[in-house]
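Working notes, structure below.
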2 protein chains.
Amino acid sequence: MRQIIFMTAFKVGIIGAGPSGLAMLRAFESEQKKGNPIPELKCYEKQDNWGGMWNYTWRTGVGKYGEPLHGSMYKYLWSNGPKECLEFADYTFTEHFGQPISSYPPREVLFDYIEGRIKQSNARDYIQFNTVARWVDYLPETKQFRVIFDNLVKNETFEEIFDYLVVGTGHFSTPNMPYFKGIDNFPGAVMHAHDFRGADQFKNQKLLLIGSSYSAEDIGVQCYKHGSAGVTISYRSNPLGSKWPDGIKEKPLVTHFEGNKAFFKDGTSEEFDAVVFCTGYQHKFPFLPDNLRLKTKNCLYPDNLYKGVIFHENEKLIFLGMQDQYYTFNMFDTQAWFARDYMLGRVALPNGQERRKDIDKWMDYEKRSLTGEEHVDFQTDYIKDLISYTDYPAFDLDKVADMFKSWLKDKEESILGYRDKVYQSVMDNTHAEKHHTKWMKEMDDSLERYLDEQPADEFELSKENYY
Amino acid sequence: MRQIIFMTAFKVGIIGAGPSGLAMLRAFESEQKKGNPIPELKCYEKQDNWGGMWNYTWRTGVGKYGEPLHGSMYKYLWSNGPKECLEFADYTFTEHFGQPISSYPPREVLFDYIEGRIKQSNARDYIQFNTVARWVDYLPETKQFRVIFDNLVKNETFEEIFDYLVVGTGHFSTPNMPYFKGIDNFPGAVMHAHDFRGADQFKNQKLLLIGSSYSAEDIGVQCYKHGSAGVTISYRSNPLGSKWPDGIKEKPLVTHFEGNKAFFKDGTSEEFDAVVFCTGYQHKFPFLPDNLRLKTKNCLYPDNLYKGVIFHENEKLIFLGMQDQYYTFNMFDTQAWFARDYMLGRVALPNGQERRKDIDKWMDYEKRSLTGEEHVDFQTDYIKDLISYTDYPAFDLDKVADMFKSWLKDKEESILGYRDKVYQSVMDNTHAEKHHTKWMKEMDDSLERYLDEQPADEFELSKENYY
């Protein structure tokens with residue numbers, strides 16, 4: 001018997017098949033499985049596979065077809081937050097791996113998990129890979145979007161018309177890289193964290209990291225772990241303030257460079273072999289006309305997004321995942337479920353004035369949130385609000401918030417050891433298992449090694465230990 | 001008395017303010033100076049200054065605003081051909097510098113020369129910098145182009161309508177970078193020549209260069225000169241075959257990598273600290289619909305360009321500088337002069353069939369040209385043909401061809417010494433002067449040092465000499 005698929009009369013274009021775009025597809029799939037009509041869906045992905053940021057590439061700069069690379073991940077990247085905080089409510093880690101695993105898995109393991117859920121659906125049929133959105137025109141008469149796509153493999157352009165456009169292209173791909181006097185004559189490697197592909201290149205080198213957020217913290221720790229001769233982190237306003245081991249230190253902002261020597265605001269100077277700019281990313285939408293662009297710095301509640309999702313200037317345009325993130329995968333899910341129900345007409349859209357008021361309310365709330373703990377509470381409340389509109393499986397968000405706060409403390413106590421801690425899933429109550437090897441001794445980040453029970457070879461390790 | 005500017009009734013858009021785009025502006029300016037009407041001109045440049053490839057940037061990957069970087073040049077880049085072969089016919093090196101200089105100046109000196117000519121005009125008034133062409137629609141009813149531009153500084157998009165569109169965006173900016181098995185686990189630096197910014201980073205390192213054209217040749221020699229521990233050049237079909245010094249060698253193609261070890265087709269293997277892909281560039285026009293894209297590999301006569309300039313499928317579209325290049329600046333000039341006279345209606349356009357025949361004739365000629373000398377003759381004949389249509393100042397092209405052939409021999413005789421040779425200008429008969437310091441001893445590529453009469457300090461040099 002042929003399956004009858006009910007379709008609504010409209011068409012949705014999704015740009016990006018990372019965690020956000022996949023969440024959108026998954027949201028519609030869940031609706032379809034209930035026998036309800038869904039719109040015609042098309043999803044376009046610049047890379048040759050799904051997974052977005054989690055789809056690792058060895059390349060830097062531009063990709064095989066000359067497009068700016070999406071990926072910012074590197075070898076030896078392990079989750080820097082407990083996996084229990086990003087777990088899908090409808091697909092648990094235990095369901096995927098069939099056994100408890102540790103709370104801080106490496107990148108490949110998380111990619112496997114993301115893929116595990118989406119592989120159970122027919123999402124791949126909707127996605128055209130190696131295809132980049134080139135230009136969007138809004139057609140006011142029909143309230144539709146004309147989107148020009150570029151098939152990178154065929155070097156062919158084509159257009160599609162959509163009633164709704166969902167942008168899930170992320171905002172950790174376009175480097176923000178300020179100029180410092182003299183950097184143009186620095187003799188060693190100079191790169192943005194976006195192009196950092198692993199610590200090996202910096203073994204026995206003295207490394208300067210400029211910036212004081214997650215990139216600097218993690219690249220610093222990775223390079224320390226894998227044998228750099230020394231890491232200096234240069235902050236603009238505030239130091240990270242972790243309890244650093246000998247071999248990592250913080251200094252105020254660089255003022256300028258002379259040859260291989262960096263000068264700092266405190267009057268000190270130091271010679272370096274390489275400089276990595278950990279100076280953050282820009283929200284960048286080259287394919288959108290500027291009146292449809294989300295223009296924001298990285299924050300918890302970007303302006304002009306009703307419920308963090310619906311573009312205020314054009315309610316046919318939807319952005320997913322544009323927030324700074326404590327929550328990740330499950331936040332994208334709740335956004336996608338909300339966007340789905342909005343497009344299906346189940347969530348009524350208030351008028352512009354009320355939307356503006358709602359946005360302002362959240363932006364005010366963010367302004368009043370100052371500490372890490374308060375930011376966690378903010379994003380928890382945001383997700384609670386979103387989830388109240390849809391049938392995304394309820395989960396104990398307060399417990400997740402507690403885990404985030406506990407994670408913040410763990411990092412404070414031990415920046416090298418926090419990844420050895422374990423947490424409990426709020427989705428299925430699974431207690432995470434300790435990883436077979438302490439994180440600082442675990443030099444292999446492969447899925448095979450991660451799922452293997454063998455402890456690391458002590459002789460091999462002795463060659464690599466620098467702590 | 002106010003100057004009266006005569007204008008034609010049409011409007012020309014120029015994309016790119018490198019040597020090609022500037023040649024287009026200069027061509028119209030020269031017409032204007034004769035009191036003849038010229039069209040309305042607008043030129044858009046992605047970078048923050050003119051000069052195209054010659055506008056050096058310390059950045060790699062993407063630029064300040066997240067656009068793929070145009071520049072592929074590096075510190076210590078010296079002309080790899082005699083300047084007498086690229087001299088403008090209407091602005092000589094002697095006119096610019098007021099004294100004879102050597103035949104192989106460094107990048108900054110050539111940039112200064114390019115800028116010298118264009119600064120005498122009002123070209124800058126026509127150019128909008130930091131502005132990228134985002135998308136072009138051809139409007140068949142009016143035979144015009146709608147071009148969307150993106151002002152990167154303001155994050156604002158806008159559109160312009162043009163009767164003719166001149167594309168001078170170059171074709172040495174988008175890396176071609178094949179995958180080799182195992183390269184994703186190579187522990188050291190991996191980059192394309194496009195992102196190579198100087199030899200210093202590779203001091204005392206063992207370097208693998210993949211590719212056997214100008215990039216490999218020059219980066220190899222530069223790294224040798226500036227103290228690499230060893231350079232291996234891996235070729236696909238034919239070795240460069242230069243008389244290499246100890247410290248540079250050639251090997252057949254890499255088959256794969258294991259860790260830091262590369263395996264070659266001849267069964268040998270070798271460990272390296274870094275890999276630079278000198279594997280060429282792609283012609284890339286993301287802003288054009290595919291039916292307006294020039295689709296070609298790097299060659300002396302790309303298909304679908306009548307006289308190497310007018311797009312065969314749409315004669316309102318003009319490409320400059322899309323050829324592989326022996327001649328450079330003066331070839332772009334002759335192309336721009338031809339394009340100008342074509343747009344002004346002075347050069348009649350044959351019908352499609354005849355244009356096709358002409359293109360085929362040149363493509364056949366290229367096919368029959370096999371050696372370096374024959375390629376020089378081909379491009380010489382091409383420029384002679386172009387120049388016959390316009391008033392671009394005539395110059396002795398046969399003598400330039402002889403210089404190219406002599407340059408090929410010089411390189412064969414001494415890959416480290418050919419830049420010490422001197423040539424004579426065909427434009428004003430100036431004999432080049434020998435540079436005050438032998439190229440292999442000249443570690444400073446600044447304009448100041450170049451124009452300085454002081455020989456290099458022998459003690460300083462002794463610290464850097466590795467040959």
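First the proteins, then the strands, lettered A, B, ... as listed; each starts at 1. Computed from heavy atoms alone, side chains included, the values below leave out hydrogens, waters and symmetry copies.
Of the residues considered (B:Ile183, B:Asn260, B:Val190, B:Thr60), B:Ile183 shows the highest number of contacts with chain A, using heavy-atom pairs under 4.5 Å. For chain B, the option among A:Glu67, A:Glu159, A:Lys154 with the highest count of heavy-atom pairs below 4.5 Å is A:Glu67.
The shortest distance between side-chain heavy atoms of B:Lys295 and A:Asn155 falls below 4.5 Å. The shortest distance between side-chain heavy atoms of A:Pro175 and B:Val62 falls below 4.5 Å. B:Asp184 places none of its side-chain heavy atoms less than 4.5 Å from the side chain of A:Arg59.
Residue B:Gln282 touches chain A through its side chain alone, counting heavy-atom pairs closer than 4.5 Å. At a 4.5 Å heavy-atom cutoff, the contact between B:Phe277 and chain A is made by side-chain atoms alone. For chain A, the nearby part of B:Phe186 is the backbone; its heavy atoms alone come within less than 4.5 Å. Only the side chain of B:Thr174 comes within contact range of chain A, with heavy atoms under 4.5 Å apart. Of the two parts of B:Leu69, neither the backbone nor the side chain holds a non-hydrogen atom closer than 4.5 Å to a non-hydrogen atom of chain A. When heavy atoms are compared at a cutoff of 4.5 Å, B:Asn185 approaches chain A by way of both its backbone and its side chain.
Smallest separation of non-hydrogen atoms from B:Lys284 and A:Tyr65: NZ-O, 2.5 Å. Scanning both residues, A:Ala189 and B:Gln201, for their nearest heavy atoms gives CB-NE2, 3.3 Å. Between A:Pro68 and B:Gly66, the closest heavy-atom pair is CG-O, 4.2 Å.
Contact check on B:Asp137 versus A:Arg146 returns a salt bridge, with a Lys/Arg side-chain nitrogen under 4.0 Å from an Asp/Glu carboxylate oxygen. Between A:Asp150 and B:Arg293, at least one side-chain N (NZ, or NE/NH1/NH2) sits under 4.0 Å from a carboxylate O, which counts as a salt bridge.
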